[in-house]
Novice: 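Got a structure for you, written out below as structure tokens; questions coming shortly.
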Amino acid sequence: MKVESRTVLGAFTFLTVLAIVYWVLVALHGSSTERSGITMLVFSFSAYALLGTYLLAQYLRRHGIPRPEDRFDATQEDGAGVIDYFPATSIWPVGMGLGMVFGACALVWGLWYLAIGAVLFFGAVFGWVTESDYTEDVLPGSDPDELAASHGDFASSSAHGDH
Amino acid sequence: MTILEERPQFAFEAHEASLMEIVPGPRPHGIVKFVTSTDHKQIGLNYLFTGLAGFLVAGLMALVMRTQLIVPNNHFVTENVYNEMFTIHGTLMLFVFAGPFAFAGFGNYLVPLMIGAPDMAFPRFNNLSYWLYLGGFSLLLAGFLTNNGAAQFGWFGYAPLTEAIHSPGPGADLWIVGIGLTGFSGIFTAVNIITTVFTLRAPGMVMFRMPIFVWNILVTMFLILLAFPVLTAAMALLWIDRHLGGNFYNANKGGQPILWQNLFWFFGHPEVYIIALPYFGVATEILATMSRKPVFGYKGMIAATLSIGALAMGVWAHHMYTTGAVLLPFFAAMSLLIAVPTGIKFFNWIGTMWRGTIVLNTAMLFCLGFLAMFLFGGITGVILAQPVLDFQLHNTYFVVAHFHYVLIGAVMAGFGGLYYWLPKMTGRKLSEKWGKLGFALLFIGFNLTFFPQHDLGLRGMPRRIETYNAGMGWNFLNELSSIGAYITAIGVLVNAWNIFTSWRHGEIAGDNPWDGQTLEWACSSPPPDHNFEALPPIRSERPVWDANHPDMLTKVGH
Ligand code: HEM
Ligand SMILES: [Cu+2]
């Protein structure tokens, strides 16, 4: 997680410097009505600050024990175990997508479409959420506590060990 | 791949078994598979071929435009139709073809394979992204079926032309929501790929061993996360202006048309790199494999990608020099700076080929075509980045020529990517004979179409005009340009035919037809569900090469 957090925090630093330089220059020479640029830059570096600190926290949480994918000498056994739940098929995303497309049509042709869109969307959300439910029954060890217990320490747990 | 056999198994048994319980019976095929599959490979293919469909439709519109412009005072189509054509042509090419084809098509298919992951981190969201994208594509086309026709204000939809009094009817609204949907699709894909790269890499696949393609996609995804929400916000304000009496962009009521330009280009310039960076990655992979060498200056390449991504956020207003409302020195300096990392990339690409054993097949030819055309487009870009020159050239055909060189350069790398990776995806190679013919036609056609347009621009021909008078000195160049477009069209058909026939009848590719270097060549062609039976040890940025050539291990610097 070190490289990951450094990359994002580096981008955050650059954008912050950029925002300051831009703000100063606009204040000195620019048109007084141009406030959108600085607004967008502030939102940009804030977004990266959020993600960067999250990644940094993930890194610090592990107390210097790298994940197998962060170790230069890791072998495939180090990553053995259940990786994650990967459903092979699901009908719900297309329902949700159609719901959103109908929602978009409502913005063009009127609220009628929103009714159809909402039904599709929330129906699909329901299906989707309940679908994930039975993974715990079927997939041994998909429960995070169990996973941590069965692997002992972070370093030898799965690629998703930090969840 | 005998070398791989005694390697330890990647542990999939647990969920393979449980998946069988979740989805009883055999895996679906045909349309059911297309609709419900959450496999990143299926979704990647969906994106690739939907993107190509977008390219064909938008290409037809280009032919209509070039036919209209082939002679002066032509009446092949009306002014309104011409306006619809360039608007939807540009919109489809950028939002449906060039961008998603690479970052979502190749990105989806290849990123998990290249980092040794079984799938994307959020497979169902991945499937959802595709439907939003297809929905956006459909709504953009639906504009043509409405009474007032499709949107007519150009792909960057400047205010006040987009306001309800100037552009009445659902066509403009469909353009807004169509782009909005493709934007959401892009954001979901970005979240998905970033999470995948950060949490699903195989053991030993440290960040600085990932293929350059994966790095480039990663940076692209970060750009999407900053750029697309701004676009969506700009579109939302526009919609409020049009339907709820908002006045964000309405100067008569105290709004600011220039606000739209700032918002749009804050998205629009990063979008250029969102399109280009994945193709840079595609080209890097092909160049390395076909030169039978590791990427020259691997870390320098990554640094260049990161700096392009960073600088891309600070150049948006170079599209707005002539408004007189932007900080010219700041944006000119930033725009020139961005040429530096791009130059480093060219240096490294040449370094990769230098003294390599170059295999000059179709994929490599397309890559060389990319290098030539993108370089040329980059040079005209440096010209346009100087405000003094841009004041002369803005909104002329010089600009049309510039961005087509850049974009078509990128797309050339994309076609190279098809020739390079379709054997992995389908298990069959494409025909080299047809491929080389297709490349030659495309390369000649593109250059014949767009090279004369530089001169047209210097002679003052404005973009987005549907016809011109005979006495302007523009006739011959326009004729050349249109003939070039027809040659291009034939080239596209040749390549399409090649893909179509090779899919069924091409030469069997095998797992690793090009003696590739990165992990995707370690699994079968096409890869099985959840990708890998076994993985080679990952000790450098070219694990498959190291496994196949123990006598020529990649030198590692740490
Ligand atoms: C296949 C060959 C192509 C031809 C013959 C072609 C032709 C044209 C023509 C005639 C115009 C309108 C120029 C004007 O009236 O101002 C245009 C505009 C445009 N094209 Fe292409 N084009 C091609 C490929 C592409 C590709 C591959 C892309 C992007 C990936 C692209 C992106 C655009 C954009 C963004 C515009 C500007 C639209 C606007 O003014 O709003 N084109 N093209
Ligand atoms: Cu730009």
Side-chain angles (χ1 to χ4, degrees), chain A residues 1 3-4 7 10-11 14-15 18 22 25-26 29-31 33-34 36-37 40-41 44 47 55 68-94 96-98 100-101 104-105 107-109 128 134 138-141 159-160 162, chain B residues 7-8 10-11 14-15 18-19 21-23 27-28 35-39 118-119 123-125 127-128 131-132 135 139 170 173-174 177 180-181 184 198-208 222 225-226 230 239 256 259 262-263 266 306 309-310 313-314 325 327 330 529-530 535 537 558:
Chain A
M1 278 287 166
V3 181
E4 288 91 329
T7 309
F14 176 84
L15 285 173
L18 185 72
Y22 183 69
L25 287 177
V26 169
H29 308 286
S31 84
T33 51
E34 212 297 89
S36 50
M40 293 182 287
L41 288 172
S44 300
L55 292 172
E69 60 261 50
D70 293 331
R71 276 173 37 211
F72 286 94
D73 57 349
T75 62
Q76 300 314 320
E77 285 101 334
D78 295 335
V82 175
I83 291 182
D84 205 344
Y85 166 58
F86 297 101
T89 61
S90 174
I91 190 67
W92 304 116
V94 70
M96 200 163 169
L98 268 178
M100 288 175 78
V101 173
C105 293
L107 295 175
V108 180
W109 286 301
W128 187 320
Y134 54 96
V138 193
L139 185 63
H160 252 195
D162 50 2
Chain B
R7 302 292 162 198
F10 212 41
H15 40 211
S18 52
L19 285 173
E21 290 176 52
I22 296 169
V23 189
R27 294 293 168 83
V35 173
T36 63
S37 177
T38 51
D39 180 354
D119 203 320
R124 283 171 291 186
F125 265 106
N127 182 306
L128 169 64
W131 299 113
L132 297 182
L139 291 190
D173 294 316
L174 284 165
V177 296
L181 284 173
F184 274 108
F198 281 2
T199 64
L200 283 181
R201 304 195 305 276
M205 179 56 82
V206 299
M207 289 290 276
F208 285 114
F222 275 109
L225 284 189
L226 292 188
V230 175
W239 188 84
Q256 286 191 17
L259 172 65
N262 271 305
L263 293 176
F266 194 83
L306 287 168
M313 298 311 298
L327 276 175
F330 176 82
D529 284 335
H530 296 142
L535 280 170
H558 34 76

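So that the names make sense, note that chain A is the first sequence line, chain B the second, and so on, each numbered from 1.
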Novice: Decide if atom CZ of B/Phe330 counts as having more than 12 heavy atoms of other residues, nucleotides or ligands within a radius under 6.0 Å.
Specialist: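 Atom CZ in B/Phe330 is packed in, count exceeds 12.
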Novice: Report yes if some heavy atom in the side chain of A/Cys105 is under 4.5 Å from a heavy atom in the side chain of B/Leu139; otherwise report no.
Specialist: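 Heavy-atom side-chain distance check passes, below 4.5 Å.
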Novice: I'd like to check A/Glu69 versus B/Leu200 (side-chain heavy atoms, cut-off strictly below 4.5 Å). Are they in contact?
Specialist: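 No - every pair of side-chain heavy atoms lies 4.5 Å or more apart.
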Novice: Rounded to the nearest 0.5 Å, what separates atom CG in B/Leu225 from atom OG in A/Ser44?
Specialist: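 These two atoms lie 10.5 Å from each other.
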Novice: Please find the pair of heavy atoms, one from B/Phe198 and one from A/Met1, that lie closest to each other, and give the distance.
Specialist: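 Residues B/Phe198 and A/Met1, closest heavy atoms: O-CE, 3.9 Å.
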Novice: Any side-chain heavy atom of B/Leu226 within less than 4.5 Å of one from A/Leu15?
Specialist: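 Yes; the side chains approach each other to less than 4.5 Å.
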Novice: Non-hydrogen atoms of chain A under 4.5 Å away: do they reach the side chain of B/Asp39, the backbone, both or neither?
Specialist: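 Only the backbone of B/Asp39 comes within 4.5 Å of chain A.
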Novice: Take B/Leu128 and A/Trp92 through the test side chain to side chain contact (heavy atoms under 4.5 Å, CB included) and record every step on the way to the result.
Specialist: CA-CA 8 Å; B/Leu128 169 64; A/Trp92 304 116; over 6 Å; no
Novice: Look at A/Ala11, A/Ser90, A/Ser36 and state which one has the largest set of heavy-atom pairs under 4.5 Å with chain B.
Specialist: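 The candidate making the most pairs under 4.5 Å is A/Ser90.
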Novice: Do B/Thr36 and A/Val94 have side-chain heavy atoms sitting under 4.5 Å apart?
Specialist: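 The answer is no, as the side chains (C-beta and beyond) never meet within the 4.5 Å cut-off.
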Novice: Apply side chain to side chain contact (heavy atoms under 4.5 Å, CB included) to B/Leu263 and A/Met40, showing your working.
Specialist: CA-CA 8 Å; B/Leu263 293 176; A/Met40 293 182 287; 3.6 Å; yes
Novice: Tell me the closest heavy-atom pair linking A/Met100 and B/Leu181, and the distance in Å.
Specialist: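 Minimum heavy-atom separation between A/Met100 and B/Leu181: O-CD2, 4.3 Å.
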Novice: What's the separation between atom CZ in A/Phe72 and atom CZ in B/Phe208, rounded to the nearest 0.5 Å?
Specialist: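 The CZ atom of A/Phe72 sits 8.5 Å away from the CZ atom of B/Phe208.
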